[in-house]
Number of protein chains: 2
Amino acid sequence: MAGTVVNLKARTGQSEGLGARREIDLASLDFTNCPVRDVLQQIGGKWSTLLLEALAKQPYRFGELRRMIPDISQRMLTQSLRDLQRDGYIEREVFPTKPPSVEYRMTELGRSLYTVLSQLLNWAEANHDEVRAARLRFDADAV
Amino acid sequence: MAGTVVNLKARTGQSEGLGARREIDLASLDFTNCPVRDVLQQIGGKWSTLLLEALAKQPYRFGELRRMIPDISQRMLTQSLRDLQRDGYIEREVFPTKPPSVEYRMTELGRSLYTVLSQLLNWAEANHDEVRAARLRFDADAV
DNA sequence: CTGTATCCCGAAGGATACTG
DNA sequence: CAGTATCCTTCGGGATACAG
């Protein structure tokens, strides 16, 4: 089972020490190969999960996605799709039609991710009210 | 099952239309009550999952967390803990000792979240290599 | 239709100093 | 010990215009 302090150290790019006695070495913090952050940073983007949700259902073309998410800018749609493609979550196929058309579809890796990601999305939806209630309580106490 | 285009519309703060025929109303995009983004924004923070992982294991005091994550600034540690507390994921208890000590512990809501969140963290750890490989391939093709 | 290229702004986060 | 307060930098992301 993951999720212990050992993983914490892995997250900050450190190797685990010998015991609990030794203080951690502050130098040489790399951060570039923290697996969790490396993945979460991507799907933590403003539009990533939205696109994954859409493409999990079926392939879509650029313009279709654009219409489905009217408040995304063209720039961010392109960039988000590129990033998802770069990480191997989605594929891009160009059809050499008269006006060129491009279709995006989810890969197996993407589906694998979406399987666990959707659990989190469902949780968020299901517990949103409780979170909002907690916020109201907190803000009230803070006067 | 959630995670369809209907949810997409919910994410952007819209109510679902009557059918696929009608174009969505571009006006009145609220965004403040998009459940998924409302929750994901929090745990998408740079230190949130790290703190949740630590506190999922056991309660910790401020300084302990600080030592466990040496590259977090005091400012961000305070703020991240506050935010997690505000959303109801963790509790803060002050012990009126000589130098005051404060302990943070996970709530039931936090454990509930962490149950599904840890699945995602495990996935990230397990598939990190594949993601990195996909990136290398993408970057190579792009010349 | 599917993008690139620029410019720009606000929010996230780091460094440092000070406090009960 | 456990924070606040202030300043400053970086970066994600929006608006707009142009292009193949």
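Convention: sequence-line order gives letters A, B, ...; per-chain numbering from 1.
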Practice problem: Check every atom of C:dT2, C:dG14, C:dC1 against the side chain of A:Arg92 and return the nucleotide holding the closest atom. | Solution: C:dT2
Practice problem: Would you kindly give the NZ-to-C1' distance between B:Lys46 and D:dG12, to the nearest whole Å? | Solution: 14 Å
Self-check item: A:Arg61 CZ to C:dT2 P, straight-line distance once rounded to whole Å
Solution: 5 Å
Quiz item: Would you say A:Ile90 and A:Phe95 are hydrophobically clustered, going by side-chain heavy atoms of ILVMFWY under 4.5 Å?
Solution: no
Quiz item: Does CD belonging to A:Gln41 count more than 12 external heavy atoms closer than 6.0 Å?
Solution: no
Practice problem: Looking at every strand, decide which applies to B:Thr78 at a 4.0 Å heavy-atom threshold: base, sugar-phosphate, or nothing. | Solution: base
Practice problem: Measure from CZ on B:Arg66 to C1' on D:dC1 and round the result to the nearest Å. | Solution: 10 Å
Practice problem: Keeping the roles fixed (side chain from A:Ser48, backbone from A:Gln42), state whether a donor-acceptor pair exists under 3.5 Å. | Solution: yes
Exercise. Ignoring backbone atoms, establish whether B:Gln79 has a side-chain N or O less than 4.0 Å from OP1 or OP2 of D:dG3.
Key: no
Quiz item: Does a side-chain N-to-carboxylate-O contact under 4.0 Å join B:Asp38 and A:Arg135?
Solution: yes
Quiz item: In whole angstrom, what separates A:Arg82's CZ from C:dT2's C1'?
Solution: 10 Å
Self-check item: Which nucleotide in C:dG14, D:dG13, D:dA2 has an atom nearest any side-chain atom of A:Met76
Solution: D:dG13
Quiz item: Heavy atoms under 4.0 Å, any strand shown: does A:Gln74 hit a base, just sugar-phosphate, or nothing?
Solution: base
Exercise. Could you work out which one of D:dG14, D:dG3, C:dG14 sits closest to the side chain of A:Trp47?
Key: D:dG14
Quiz prompt | For atom CD1 of A:Ile72 and atom C1' of D:dA15, their distance in whole Å | solution = 14 Å
Exercise. Using a 4.0 Å heavy-atom cut-off across all strands, classify A:Arg75 as base, sugar-phosphate, or nothing.
Key: base
Self-check item: Given B:Arg105, B:Glu108, B:Met106, the one that forms side-chain contact (heavy atoms from CB on, under 4.5 Å) with B:Glu91
Solution: B:Arg105
Quiz item: Where the side chain of B:Ser73 is defined as all heavy atoms beyond and including C-beta, which of C:dT2, D:dG3, C:dG14 is the nearest nucleotide?
Solution: C:dG14
Quiz item: In whole angstrom, what separates A:Gln41's CD from C:dG13's C1'?
Solution: 12 Å
Quiz item: What is the distance from CD1 of B:Ile43 to C1' of C:dA12, rounded to the nearest Å?
Solution: 17 Å
Quiz item: Any side-chain N or O of B:Tyr104 under 4.0 Å from OP1/OP2 of D:dG3?
Solution: yes
Quiz item: Looking for any heavy atom pair under 4.0 Å, which part of the strands does A:Glu64 touch: base, sugar-phosphate only, or nothing?
Solution: nothing
Quiz item: Roughly, in whole Å, what's the span from CG in A:Leu51 to P in D:dG13?
Solution: 12 Å
Self-check item: Nucleotide nearest B:Val102 when distance is taken to its side chain, options D:dA2, C:dG14, C:dA12
Solution: D:dA2
